[in-house]
Amino acid sequence: MAQSRRVERVASMIRREISEMLVAGIRDERVSQGMVSVTNVEVAGDLQHCKIFVSVFGSEDERQEAIAGLKSATPFVKGELGRRLKMRRTPDVLFVLDRGLERGTSVLSLLNKLEEVRLEKGEPPEGSDL
């Protein structure tokens with residue numbers, strides 16, 4: 001989806017502010033238990049809504065707890081964004097758990113296992129002339 005420069009700029013500012021809030025603003029213990037980082041921010045073209053994709057390092061329970069903590073902190077986050085960004089209308093915030101890093105890690109481990117099996121069988125690596 002092509003985004004206008006303004007939308008991209010607002011998304012970048014939201015990402016920066018949310019990252020700062022994760023370090024020193026949101027005091028919910030559920031959020032601080034896991035290592036939470038903002039991976040992407042999508043802002044609607046009319047600047048009314050934004051999705052904040054976060055990755056949480058930890059077990060599945062810690063992830064769900066962190067997302068629950070972020071969802072309960074949503075009114076605080078929206079208020080802080082309104083004060084910090086000084087926009088006419090602050091976008092509605094929705095936190096979404098990003099599993100992209102987790103999926104990438106599982107694909108890499110599968111590729112490594114496949115390579116180990118090939119080496120055990122003595123098959124030549126793919127792309128070689130042998």
Side-chain angles (χ1 to χ4, degrees):
M1 177 172 84
Q3 292 187 337
S4 71
R5 287 181 133 182
R6 176 161 171 72
V7 171
E8 289 178 11
R9 195 172 70 224
V10 168
S12 174
M13 290 171 24
I14 289 172
R15 182 178 178 159
R16 185 186 68 226
E17 296 299 332
I18 296 292
S19 296
E20 287 181 14
M21 280 186 242
L22 286 173
V23 171
I26 300 173
R27 301 194 187 279
D28 193 321
E29 290 183 12
R30 295 175 289 184
V31 176
S32 59
Q33 283 180 350
M35 193 169 83
V36 180
S37 60
V38 178
T39 57
N40 192 18
V41 174
E42 289 181 1
V43 178
D46 59 358
L47 304 175
Q48 301 294 312
H49 306 279
C50 72
K51 285 184 184 176
I52 300 169
F53 294 90
V54 295
S55 71
V56 181
F57 184 76
S59 67
E60 185 62 29
D61 290 339
E62 290 172 338
R63 289 183 189 138
Q64 295 305 321
E65 287 287 321
I67 288 295
L70 288 170
K71 286 183 180 176
S72 71
T74 298
F76 167 76
V77 169
K78 184 177 178 181
E80 279 296 308
L81 283 177
R83 280 186 279 283
R84 294 179 183 199
L85 299 179
K86 297 178 181 169
M87 295 175 59
R88 185 176 301 174
R89 177 150 188 233
T90 307
D92 291 331
V93 175
L94 177 65
F95 287 99
V96 178
L97 181 61
D98 186 2
R99 297 187 181 270
L101 294 175
E102 180 182 332
R103 289 183 187 134
T105 303
S106 67
V107 169
L108 284 176
S109 71
L110 288 174
L111 289 173
N112 286 338
K113 285 180 185 175
L114 182 62
E115 185 65 26
E116 288 174 8
V117 169
R118 281 187 179 162
L119 290 175
E120 286 176 7
K121 289 183 177 180
E123 294 178 6
E126 195 170 300
S128 69
D129 293 335
L130 299 177

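Throughout, residue positions are numbered sequentially from 1 according to the sequence presented. No hydrogens, no waters, no symmetry mates; every other heavy atom, side chains included, goes into these values.
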Original post:
Between the main-chain N or O of Asp98 and the side-chain N or O of Ser55, is there a donor-acceptor pair closer than 3.5 Å?
Top reply: no
Original post:
With a 4.5 Å limit on heavy-atom distance, are the side chains of Phe95 and Val77 in contact?
Top reply: yes
**OP:** Please name the pair of heavy atoms, one in Ile67 and one in Val96, separated by the smallest distance, quoted to 0.1 Å.
**Re:** CD1-C, 4.4 Å
Subject >> Nearest heavy atoms of Cys50 and Val43, plus distance in Å >> reply: CB-CG2, 3.9 Å
**OP:** Kindly say whether Asn40 contributes a backbone atom to a donor-acceptor pair with the side chain of Arg15 at under 3.5 angstrom?
**Re:** no
**OP:** Would you confirm whether Glu62, through its side chain, and Ser59, through its main-chain N or O, come within 3.5 Å as a donor-acceptor pair?
**Re:** yes
**OP:** State plainly whether the residues Arg83 and Glu80 are in salt-bridge range, i.e. N to O under 4.0 Å.
**Re:** yes
**OP:** To the nearest 0.5 angstrom, please state how far the NZ atom of Lys71 sits from the CZ atom of Arg30.
**Re:** 11.5 Å
Subject >> Salt bridge flag under 4.0 Å for residues Arg99 and Glu60 >> reply: yes
Subject >> Value rounded to 0.5 Å, distance of OG in Ser106 from CG in Leu111 >> reply: 9.5 Å
Subject >> Salt-bridge contact Arg5-Glu8 (side-chain N to carboxylate O under 4.0 Å) >> reply: no
Original post:
Quick one: OG1 on Thr74 to CG on Asp92, what's the gap to the nearest 0.5 Å?
Top reply: 10.0 Å
Original post:
If you measure from CG on Leu22 to CD1 on Ile26, what distance do you get to the nearest 0.5 Å?
Top reply: 5.0 Å
Subject >> Considering all heavy atoms, the nearest Ser72-Gly69 contact >> reply: OG-O, 2.9 Å
Subject >> same_hphob_cluster(Ile14, Met21) at 4.5 Å side-chain heavy-atom cutoff >> reply: yes
Original post:
Do Leu81 and Met13 come close enough that some side-chain heavy atom pair is under 4.5 Å?
Top reply: no
**OP:** Quick one: closest heavy-atom pair of Pro91 and Leu47, and the distance?
**Re:** CB-O, 3.5 Å
Subject >> Val54 side chain near Leu70 side chain, heavy-atom distance below 4.5 Å >> reply: yes
Original post:
How long is the span from the CZ atom in Arg84 to the OG1 atom in Thr90, to the nearest 0.5 Å?
Top reply: 12.5 Å
Original post:
For Met87, does the CE atom sit with more than 12 other heavy atoms under 6.0 Å from it, leaving out its own atoms?
Top reply: yes
Subject >> Val93 reachable from Phe53 in the ILVMFWY side-chain graph, under 4.5 Å edges >> reply: no
